[in-house]
2 protein chains.
Amino acid sequence: MTSPRPLRADAARNRKLLLAAAADEFDVRGLDVSVADIARRAGVGKGTVFRHFATKDDLIAAIVLDRIAALTETGGELLNAPDAGAALLEFLSVVAREMQHFDLVYLQRAAELVPELSRAQERLFRHVHVLVERARSYGAVRADITGADVVALMCAPKHAASSLPDAPPDLWQRYLAIIFDGLRPAGAHPLPQPPPSSP
Amino acid sequence: MTSPRPLRADAARNRKLLLAAAADEFDVRGLDVSVADIARRAGVGKGTVFRHFATKDDLIAAIVLDRIAALTETGGELLNAPDAGAALLEFLSVVAREMQHFDLVYLQRAAELVPELSRAQERLFRHVHVLVERARSYGAVRADITGADVVALMCAPKHAASSLPDAPPDLWQRYLAIIFDGLRPAGAHPLPQPPPSSP
DNA sequence: CAGTAACCTGACCATGCGGTCCGGTTATGA
DNA sequence: TCATAACCGGACCGCATGGTCAGGTTACTG
């Protein structure tokens with residue numbers, strides 16, 4: 001349905017190069033990088049970009065779509081994990097590690113433009129809801145925490161960490177731990193601390 | 001020192017109008033609004049903007065500077081509050097309420113451009129450090145929480161809340177409570193919940 | 001190996017931006 | 001009231017960006 005004819009060899013290659021270059025560039029320099037820069041980085045003419053993606057937003061959407069899909073798969077695998085609390089935490093770790101500059105505010109905007117992205121987003125959020133629901137009845141998070149809450153807080157660790165100028169690259173883990181602690185029932189066992197360097 | 005001659009009446013009026021219009025516009029539509037739009041909203045020609053602020057960044061800096069100063073004052077008043085934990089929480093509430101689109105990542109960038117802003121930022125952060133230090137020895141936050149942590153997480157509540165499309169305007173309070181809970185020592189008394197509607 | 005359609009390229013266009021400037025206007029104070 | 005300097009406005013400039021297109025190039029097919 002999607003491909004009445006397979007892509008030509010060079011076209012397929014360029015498409016991959018473009019997606020990789022764009023993903024890199026977006027992560028490092030934000031979504032404002034020019035299409036020309038992306039094309040140059042991919043070793044390709046600017047026109048080629050617009051041959052594969054009708055608009056710059058479509059290019060971004062394609063990348064976001066990939067990541068959303070990957071996260072959705074991860075979420076799906078965790079849906080039946082025995083420890084629902086650990087499953088939710090693991091999921092949030094993957095989200096934080098994967099999501100760079102693509103925080104939710106942009107995702108919302110992009111989803112309005114590309115209906116396919118909107119659907120993918122919905123699938124992901126549905127998984128989050130289930131993960132939260134299970135973690136709740138498991139007693140790992142407070143009773144009043146909803147899926148929407150976790151969605152809203154999903155990108156906070158990375159965002160907070162990146163707002164400090166010279167922070168270690170794994171600082172987000174610290175903030176994820178803090179926020180996850182804030183979701184726990186009162187008096188619950190705290191998060192197992194990351195292994196200390198020295199005994 | 002700053003004014004060898006007071007501003008002319010119309011000039012002063014236009015300056016205020018511009019600051020107000022710009023602050024509004026930035027909060028609602030983000031920092032990408034064009035200078036022309038701001039001028040139009042203030043009922044003023046575009047040239048007038050650049051007469052008062054040499055560059056768009058200077059305009060933004062002026063607004064941010066105002067807010068930073070206000071927050072610094074608030075922080076100063078709380079430095080000697082009897083309940084250090086409540087003081088820190090109160091401070092974070094004010095920050096979240098005041099800061100709209102001006103999250104830290106932009107603040108950092110702007111501070112690099114305008115040295116005065118950088119100094120103001122430093123003053124504010126110094127207050128945060130003291131507030132955190134006091135809250136720590138007061139037992140309201142964990143021993144390993146630093147001022148930098150709180151600075152990084154300062155804007156998270158508002159940011160998280162604003163990432164949900166149709167959220168109540170006070171949702172950030174909920175996320176501030178969650179994050180602040182995550183800062184508490186293990187097993188500490190949870191945050192006093194917002195007053196329930198029904199007795 | 002040839003014919004062809006898919007593909008690539010970079011010059012080109014339209015647009016919107018920050019910032020400049022000069023002719024006209026207005027507040028001010030003597 | 002009048003002279004003047006401060007101020008205002010909006011046409012204008014240079015530049016960067018997203019997007020288009022004609023013409024040359026290249027991978028597939030028979």
Side-chain angles (χ1 to χ4, degrees), chain A residues 2-26 28-64 101 106 109-110 112-114 117, chain B residues 2-26 28-64 101 106 109-110 112-114 117:
Chain A
T2 57
S3 60
R5 174 102 118 280
L7 229 49
R8 227 172 73 173
D10 52 348
R13 187 174 47 92
N14 280 344
R15 191 169 200 280
K16 276 192 178 176
L17 284 176
L18 270 174
L19 281 172
D24 264 26
E25 212 77 351
F26 284 147
V28 173
R29 294 168 46 192
L31 293 170
D32 288 339
V33 281
S34 68
V35 174
D37 278 358
I38 293 173
R40 203 173 309 130
R41 197 175 200 290
V44 145
K46 202 176 68 161
T48 305
V49 180
F50 290 102
R51 159 163 288 267
H52 288 284
F53 307 95
T55 186
K56 185 184 178 180
D57 281 322
D58 282 340
L59 169 58
I60 300 177
I63 294 176
V64 177
H101 279 276
Y106 182 77
R109 195 178 80 83
E112 287 174 15
L113 268 58
V114 186
L117 187 52
Chain B
T2 55
S3 61
R5 174 102 117 281
L7 228 49
R8 228 172 71 174
D10 52 349
R13 187 175 46 91
N14 281 343
R15 191 170 200 278
K16 276 192 178 176
L17 284 176
L18 269 174
L19 281 172
D24 264 25
E25 211 78 350
F26 285 146
V28 174
R29 293 168 47 192
L31 293 169
D32 288 338
V33 282
S34 69
V35 175
D37 277 358
I38 293 173
R40 203 172 308 130
R41 196 178 204 287
V44 144
K46 204 176 68 164
T48 304
V49 180
F50 290 102
R51 159 164 288 268
H52 288 284
F53 308 95
T55 186
K56 183 185 180 180
D57 282 324
D58 282 340
L59 170 57
I60 299 177
I63 294 176
V64 177
H101 279 275
Y106 181 78
R109 194 177 81 83
E112 288 174 13
L113 267 57
V114 185
L117 188 52

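Note: hydrogens, waters and symmetry copies are ignored here, and every other heavy atom, side chains too, is used. We name chains A, B, ... by the order of the sequence lines, and we start the count at 1 in each one.
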Would you give the length of the straight line joining atom OG1 of B/Thr48 to atom CD1 of B/Ile38, rounded to the nearest 0.5 angstrom? 13.0 Å
Ignoring the backbone of B/Ala9, work out which of C/dA27, C/dG18, D/dG19 is nearest its side chain. C/dA27
State whether A/Arg8 places a side-chain N or O below 4.0 Å from either non-bridging phosphate oxygen (OP1 or OP2) of D/dC28. no
Just checking B/Val44: base, sugar-phosphate only, or nothing, at a heavy-atom cut-off of under 4.0 Å? sugar-phosphate
The nucleotide from D/dG9, C/dT9, D/dG18 with an atom nearest the side chain of A/Val35 is D/dG18
Earlier contact from the 5' end, DNA chain C, for B/Lys56 and A/Arg51: A/Arg51
Expressed in angstrom and rounded to an integer, what is the separation of B/Phe50 atom CZ from C/dC17 atom C1'? 9 Å
Has the side chain of B/Lys46 got a donor or acceptor atom sitting under 3.5 Å from an opposite partner on the base of C/dG19? yes
Over how many whole Å does the gap from B/Leu7 atom CG to C/dT28 atom P extend? 10 Å
Would you kindly compare A/Leu31 and B/Asn14 by the position of their nearest DNA chain D nucleotide and give the one closer to the 5′ end? B/Asn14
Within less than 4.0 Å of OP1 or OP2 of C/dC8, is there a side-chain N or O belonging to A/His52? yes
For A/Asp37 and D/dA16, give me the distance from atom CG to atom C1', rounded to whole Å. 11 Å
Both B/Asp10 and B/Ala54 contact DNA chain C. Which one's nearest nucleotide lies toward the 5' end? B/Ala54
A/Leu17 CG to C/dC7 P: how many Å, rounded? 15 Å
Find the distance B/Phe53:CZ to C/dT20:P and express it as a whole number of Å. 15 Å
Minimum heavy-atom distance between B/Leu19 and B/Ala62, given as atom pair plus value: CD2-CB, 4.2 Å
Measuring from A/Leu59:CG to A/Ile63:CD1, what's the distance to the nearest 0.5 Å? 4.5 Å
Can you check the A/Glu25 CD to D/dT17 P distance for me, whole Å? 12 Å
Measuring from A/Asp24:CG to A/Arg41:CZ, what's the distance to the nearest 0.5 Å? 4.5 Å
Nearest whole angstrom, please: distance from the C1' of C/dG18 to the CG of B/Asp32. 13 Å
Counting only side-chain heavy atoms from C-beta out, which of C/dC8, C/dT26, C/dG18 sits nearest to B/Ser34? C/dG18
Using a cut-off of less than 4.0 Å, is there contact between a side-chain N or O of A/Thr55 and OP1 or OP2 of D/dG19? yes
Between A/Arg40 and A/Asp37, is a salt bridge (charged side-chain N to carboxylate O under 4.0 Å, His left out) present by the stated rule, with each step listed? CA-CA 5 Å; A/Arg40 203 173 309 130; A/Asp37 278 358; 3.0 Å; yes
Between P on C/dT9 and CZ on A/Arg40, what's the gap in Å once rounded to a whole number? 13 Å
